[in-house]
**Q** 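Quick one: the structure is below, and I'll ask about it shortly.
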Amino acid sequence: MAVISTQGVEKIYNPGKIPVKALKGVSLEIAEGEFTAIVGPSGSGKTTLLNIIGGLDRPTAGYVEVGGVDISGLSDNQLIDFRKDHIGFVFQAYNLIPVLTARENVAFVMLLQHRSAQERNARAESLLAAVGLSDKMDKRPAELSGGQQQRVAVARALASKPSFILADEPTANLDSASTANLLDIMYRLNQEEHITFVFSTHDQRVIDRAKRVVTLVDGKIDRDEVRG
Amino acid sequence: MMIWIMAWRNIWRSPTRSGVVIAAIALGVWAALALTGFATGMMKSYVKSAIEQSVSHIQIHEPGFTEDYEAKYTLPDVAIVAQVLDTTVEVQAYSLRTVVSGMAASGQGARGVMVKGVDPEQEAAVSTIPEGALTAGEFLPEMRGNAAFMGSALAQKLGLKERSKFVLTFQDEHLEITSAAFRVMGLFDSGNTPYDEATLYVRRSDLNRLLQGGPEGAGQAHEAAVLLKDVGAADQVAGQLRAVLPNLDVQTYREIAPDLELYESQLQNVSLIYLAVILLALVFGIINTMLMAVLERVRELGMLMAIGMNRGRVFAMIVLETLALGLLAAPAGLVLGYLTVSYVGKYGIDMSGYSEGMASYGLAQVIYFEVPLAAYWQMGAGVFVTAVLASLYPAWKAIRLQPVEALRAV
């Protein structure tokens with residue numbers, strides 16, 4: 001069953017002035033449990049597609065369905081709620097809340113979901129343990145390395161029990177060892193917990209681990225390769 | 001709770017900036033309290049000295065007297081008035097006065113004066129002038145001739161000294177002009193120059209004799225000035241006296257001197273005015289700081305909305321951050337203000353460098369700060385309201401951000 005489904009998605013920036021067509025009719029289906037990399041050269045529309053799938057941006061034309069819900073019809077506030085409950089984000093620049101500890105960062109999303117303090121704490125601890133940060137739970141982001149921060153970001157993305165995780169260039173700022181470590185963790189979560197991951201990436205190490213690679217060129221799907 | 005924690009920690013991300021805002025608010029509150037203390041102390045000293053020197057708490061007259069101050073409007077039965085006052089427990093002391101306006105003339109010039117004929121002992125019990133303001137000689141001693149007790153300022157204008165003679169001219173009860181020679185037996189300086197320049201004390205018996213052209217009117221008076229044990233009872237005691245003396249005009253100090261009532265009523269407003277002006281200036285400083293705090297965190301705010309923090313919570317977080325600044329600053333300013341007001345309230349601030357100017361307005365040379373308790377609450381509430389108001393624009397800016405654009409911000 002498709003977790004994400006797009007039909008003829010177009011995105012035009014500056015439609016009134018000098019229009020820039022970032023996406024030119026992208027139709028894509030991503031099933032539950034996939035480990036998919038969206039690749040392509042700079043300006044090919046990877047981040048735009050990820051933003052639209054993640055409900056952060058709206059398509060100029062076309063249809064986006066996430067978990068069976070047409071998100072192109074939701075208001076801004078409904079989209080915020082939808083993202084909170086259904087989508088986990090991992091950003092290139094980690095984007096943790098600097099004034100909160102690792103544990104609090106992970107628990108924060110669950111707080112927004114009105115989960116109990118006990119549940120928040122227990123889940124935050126188990127997720128941080130899963131990403132190998134049991135000993136860093138009470139550290140703030142500034143006290144963690146880039147790789148550790150990105151692992152906290154993965155734990156945070158998982159905290160809300162989302163339908164899938166969108167990761168925009170998650171390894172772009174990491175060294176080789178941290179990248180390998182992060183990929184191992186995400187791969188294991190995908191294999192063992194059947195978490196759906198969708199990446200946009202340039203990083204060959206990520207592409208090598210992906211089970212499906214969708215290549216965008218000039219806002220269109222150029223190739224869609226599923227690996228054994 | 002988590003939003004409170006975030007708001008609290010966020011304000012310490014830039015300790016210098018937050019510290020400057022907190023110090024500015026605290027100093028503003030302190031300044032408002034100090035100014036209130038000064039203004040209140042000054043006004044109260046004016047009211048107090050007016051009451052203690054001349055007005056007293058209550059005055060009783062024949063109704064016609066307060067309208068045109070003619071000598072014929074004497075109290076119809078001084079003995080009954082005295083008896084009523086003697087038996088009223090709230091009364092601390094009273095002084096019967098014969099009051100006429102006239103002209104004091106010396107070889108050097110002439111001045112219009114208000115002549116108060118008093119019994120020295122009675123007057124000393126209701127007024128601080130006979131003893132507290134005495135600068136030379138004594139207050140209306142027993143002597144063969146007519147004794148006068150004169151403001152130093154008036155004596156200077158007339159070129160008189162202690163024991164100098166001058167002529168007092170006024171209209172008697174038969175509307176005849178009458179004159180008599182008086183000798184300056186004492187001088188006073190009340191600290192209120194206009195009063196000192198226009199007031200003259202003589203013995204009531206001397207003045208009554210001159211007014212009536214004979215000794216038979218020795219007991220008459222135009223005015224009974226009453227000092228109460230508690231100023232707060234003025235209205236109540238005035239009501240009682242009106243009931244017992246229905247044909248007489250019984251007035252409290254507020255009715256006699258409307259300027260005192262004006263000052264008293266303004267005491268409540270003065271702190272609010274100072275506070276409003278200071279907080280208005282602070283609003284812009286707070287808006288500026290919070291706007292900087294929001295603009296520096298565009299990307300973070302975008303991320304918070306991306307992961308599901310709704311706009312209401314983002315708005316609340318910015319408001320709470322501003323409130324936290326106010327909640328730190330207000331108590332600091334209030335404590336600082338309280339300590340200042342307590343210290344200066346006890347030891348006073350010496351304004352003698354400006355004493356001439358202050359005296360011309362009837363103000364004391366040493367001002368003791370005083371701040372009504374309500375002012376502290378008003379200041380606290382004022383800072384709270386200011387912080388909330390100042391946070392609205394930055395918070396509105398924060399929720400106008402679009403996550404997708406905010407996340408791209410550098």
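Proteins come first, then strands; the chains are lettered A, B, ... in the order of their sequence lines, and each starts at number 1. What you are looking at is a predicted structure, and each value in this text was computed from that prediction instead of being measured. These numbers come from the heavy atoms of this one structure, side chains and all, not from hydrogens, waters or symmetry mates.
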**Q** Taking atom CG of A/Leu112 and atom CD1 of B/Ile3, what is their separation to the nearest 0.5 Å?
**A** 7.5 Å
**Q** Step through the shown structure and confirm whether more than 12 heavy atoms of other residues, nucleotides or ligands are within 6.0 Å of CG on A/Asp175.
**A** yes
**Q** Counting only non-hydrogen atoms closer than 4.5 Å, does B/Arg311 touch chain A with its backbone (N, CA, C, O), its side chain (CB onward), both, or neither?
**A**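 Backbone plus side chain of B/Arg311, per the 4.5 Å heavy-atom cut-off to chain A.
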**Q** To the nearest 0.5 angstrom, please state how far the CG atom of A/Asp57 sits from the CG atom of B/Leu407.
**A**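 Going from the CG atom of A/Asp57 to the CG atom of B/Leu407 covers 11.0 Å.
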**Q** Working to the nearest 0.5 angstrom, can you tell me the gap between B/Asn10 CG and A/Leu100 CG?
**A**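 Result: 8.0 Å between the selected atoms.
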**Q** Can you check whether B/Met309 reaches A/Phe108 side chain to side chain, under 4.5 Å on heavy atoms?
**A** yes
**Q** Between A/Phe91 and chain B, with a heavy-atom cut-off of 4.5 Å, which part of the residue counts as in contact: side chain, backbone, both or neither?
**A** side chain
**Q** Please classify the contact between A/Leu96 and chain B as side chain, backbone, both or neither, with a heavy-atom cut-off of under 4.5 Å.
**A** backbone
**Q** What is the minimum heavy-atom distance between B/Ala306 and A/Arg83, and which atoms define it?
**A** O-NE, 3.0 Å
**Q** Counting only non-hydrogen atoms closer than 4.5 Å, does A/Arg140 touch chain B with its backbone (N, CA, C, O), its side chain (CB onward), both, or neither?
**A**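 Looking at A/Arg140, just its side chain touches chain B.
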**Q** Which atoms of A/Ala157 come close to chain B, meaning under 4.5 Å heavy atom to heavy atom: side chain ones, backbone ones, both, or neither?
**A**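 Neither part, no heavy atoms under 4.5 Å.
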**Q** Under a 4.5 Å heavy-atom cut-off, does chain A meet the side chain of B/Gln402, its backbone, both or neither?
**A** side chain
**Q** Go through A/Ile97, A/Asp85, A/Val109 and name the one with the most non-hydrogen pairs under 4.5 angstrom from chain B.
**A** A/Ile97
**Q** For the side chain of B/Arg9 and the backbone of A/Pro98, is there at least one donor-acceptor N/O pair under 3.5 Å apart?
**A**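 No, B/Arg9 side chain to A/Pro98 backbone: no donor-acceptor pair under 3.5 Å.
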**Q** OH of A/Tyr13: more than 12 outside heavy atoms within 6.0 angstrom?
**A** yes
**Q** Within a radius of less than 6.0 Å around OH of B/Tyr338, do more than 12 heavy atoms belonging to other residues, nucleotides or ligands occur?
**A** no
**Q** Go through the atoms of A/Asn95 and report whether side chain, backbone, both or neither lie under 4.5 Å from a heavy atom of chain B.
**A**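 For A/Asn95, the contact with chain B is made by backbone and side chain together.
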**Q** What's the spacing between B/Met305 CE and A/Leu79 CG if we round to 0.5 Å?
**A** 12.5 Å
**Q** Of the backbone (N, CA, C, O) and the side chain (C-beta and beyond), which part of B/Arg313 lies under 4.5 Å from a heavy atom of chain A, both, or neither?
**A** side chain
**Q** Would you find more than 12 non-hydrogen atoms of other residues, nucleotides or ligands less than 6.0 Å from B/Trp377 atom CH2?
**A**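 At most 12 heavy atoms, drawn from other residues, nucleotides or ligands, come within 6.0 Å of this atom.
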**Q** Given that the side chain runs from C-beta out, which part of A/Gln113 has a heavy atom under 4.5 Å from chain B: side chain, backbone, both or neither?
**A** neither
